[in-house]
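The structure appears right after this line, and notes come after that.
The residues of the chain are indexed from 1 along the displayed sequence. In what follows, every heavy atom counts, from backbone to side chain, and hydrogens, waters and symmetry copies are set aside.
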Amino acid sequence: MGVRSSIVVCVTSFLLGALFTHWIADSLTLWKSPVTDEHLWTAASYYSIIAKGPSEILYFLSAVVLLGGVTILWSLGDGQAGNLMFDGGSIFLFCTTVGMYLYSVLPNLFSQFTTLPPHQLKDPFPRTLRGATLELASSNLICSVALTGILALQAGRFWAESADEDDEETANVSEVEDKGVRSRGKTPDVHDDVVKPLLQQQVQTTSTS
């Protein structure tokens, strides 16, 4: 169980870090006001570099995503209550992120940013690219929030399992103490008023013989 949780956390953290690299472009379109043509050209140039990158990077990311998804489903298959709640929420957020990338981010990236028109930073930004650039930034933000939710769910699962283990240890200690009290209650107390007459009787018998 600990190994599977570690894999999920590592995969999610890696993907979240990969999304954070897009902050170079997304910060100019989401968090800068007003959004200028220079900001948009800078973001579009960054996404153009990503779209022209080697395909091996995409294959590697796909393998990492597949590893994370299979691990969550494997843990979910145990059927335990904690797994159904925490891993169920995690797989929903994970599928949301994968679906967002497959049906929105990647098609938008490869259809709009593979080639950019010749331009200067001060040139007017094309309207067709403006919507695509803002949509990419919004999608990356949604995926980042979803992946952060997975980390929060896994942290909640760890806390819940730790609390259950503490409760089990407390219950075991209490059970052992109760057994000890019961065993001591069954042991008869031997007092001096019982032992002394028996000793005196044995002494008298010995002296008579």
Just verifying a value: how many Å separate [X] [atom1] and [Y] [atom2], rounded to the nearest 0.5 Å?
{"X": "Gln120", "Y": "Trp41", "atom1": "CD", "atom2": "CH2", "value": "10.0 Å"}
{"X": "Thr97", "Y": "Leu102", "atom1": "OG1", "atom2": "CG", "value": "10.5 Å"}
{"X": "His119", "Y": "Ser45", "atom1": "NE2", "atom2": "OG", "value": "4.0 Å"}
{"X": "Gln112", "Y": "Thr128", "atom1": "CD", "atom2": "OG1", "value": "6.0 Å"}
{"X": "Ser62", "Y": "Leu67", "atom1": "OG", "atom2": "CG", "value": "12.5 Å"}
{"X": "Ser27", "Y": "His39", "atom1": "OG", "atom2": "NE2", "value": "8.5 Å"}

Could you give the side-chain donor-acceptor pairs of residues 137-147 under 3.5 Å, partners two or more places apart or in another chain?
| unit_1 | atom_1 | unit_2 | atom_2 | d |
| --- | --- | --- | --- | --- |
| Ser138 | OG | Leu134 | O | 3.0 |
| Ser139 | OG | Glu135 | O | 2.9 |
| Asn140 | OD1 | Tyr101 | OH | 3.0 |
| Asn140 | ND2 | Asp26 | OD2 | 3.2 |
| Asn140 | ND2 | Tyr47 | OH | 3.1 |
| Asn140 | ND2 | Leu136 | O | 3.2 |
| Ser144 | OG | Asn140 | O | 2.9 |

Sidechain-backbone polar pair: Asn108 side chain, Ala132 backbone, donor-acceptor under 3.5 Å: yes
Ignoring hydrogens and angles, tell me if any N or O in the side chain of Ser48 forms a donor-acceptor pair with the backbone of Ala44 under 3.5 Å. no
When you compare the side chain of [Y] with that of [X], does any pair of heavy atoms fall below 4.5 Å?
{"X": "Asp37", "Y": "Leu121", "value": "no"}
{"X": "Leu30", "Y": "Val35", "value": "no"}
{"X": "Phe94", "Y": "Val8", "value": "no"}
{"X": "Phe125", "Y": "Thr36", "value": "no"}

Of all heavy-atom pairs between Leu153 and Gly89, which one has the smallest distance, and what is that distance? CD1-C, 3.4 Å
Closest non-hydrogen atoms of Leu93 and Gly149, given as atom of the first, atom of the second and distance, are CD1-C, 3.7 Å
May I have the step-by-step check of side-chain contact (heavy atoms from CB on, under 4.5 Å) for Leu40 and Arg130, ending in yes or no? CA-CA 7 Å; Leu40 292 171; Arg130 182 184 181 90; 3.0 Å; yes
Results of ring-ring contact (aromatic ring centres under 6.0 Å, His included) for Phe14 - residues two or more places apart only: Phe60
Is there a path of hydrophobic side-chain contacts, each under 4.5 Å between heavy atoms of I, L, V, M, F, W or Y residues, that connects [X] with [Y]?
{"X": "Ile24", "Y": "Leu28", "value": "no"}
{"X": "Met100", "Y": "Trp23", "value": "no"}
{"X": "Leu129", "Y": "Val105", "value": "yes"}
{"X": "Phe20", "Y": "Val64", "value": "yes"}
{"X": "Leu61", "Y": "Leu106", "value": "yes"}

Checking Thr21 now: which residues fulfil side chain to side chain contact (heavy atoms under 4.5 Å, CB included) with it, not counting sequence neighbours? Tyr46
Run Val9 and Leu151 through side-chain contact (heavy atoms from CB on, under 4.5 Å) and show every step you take. CA-CA 6 Å; Val9 170; Leu151 293 180; 4.1 Å; yes
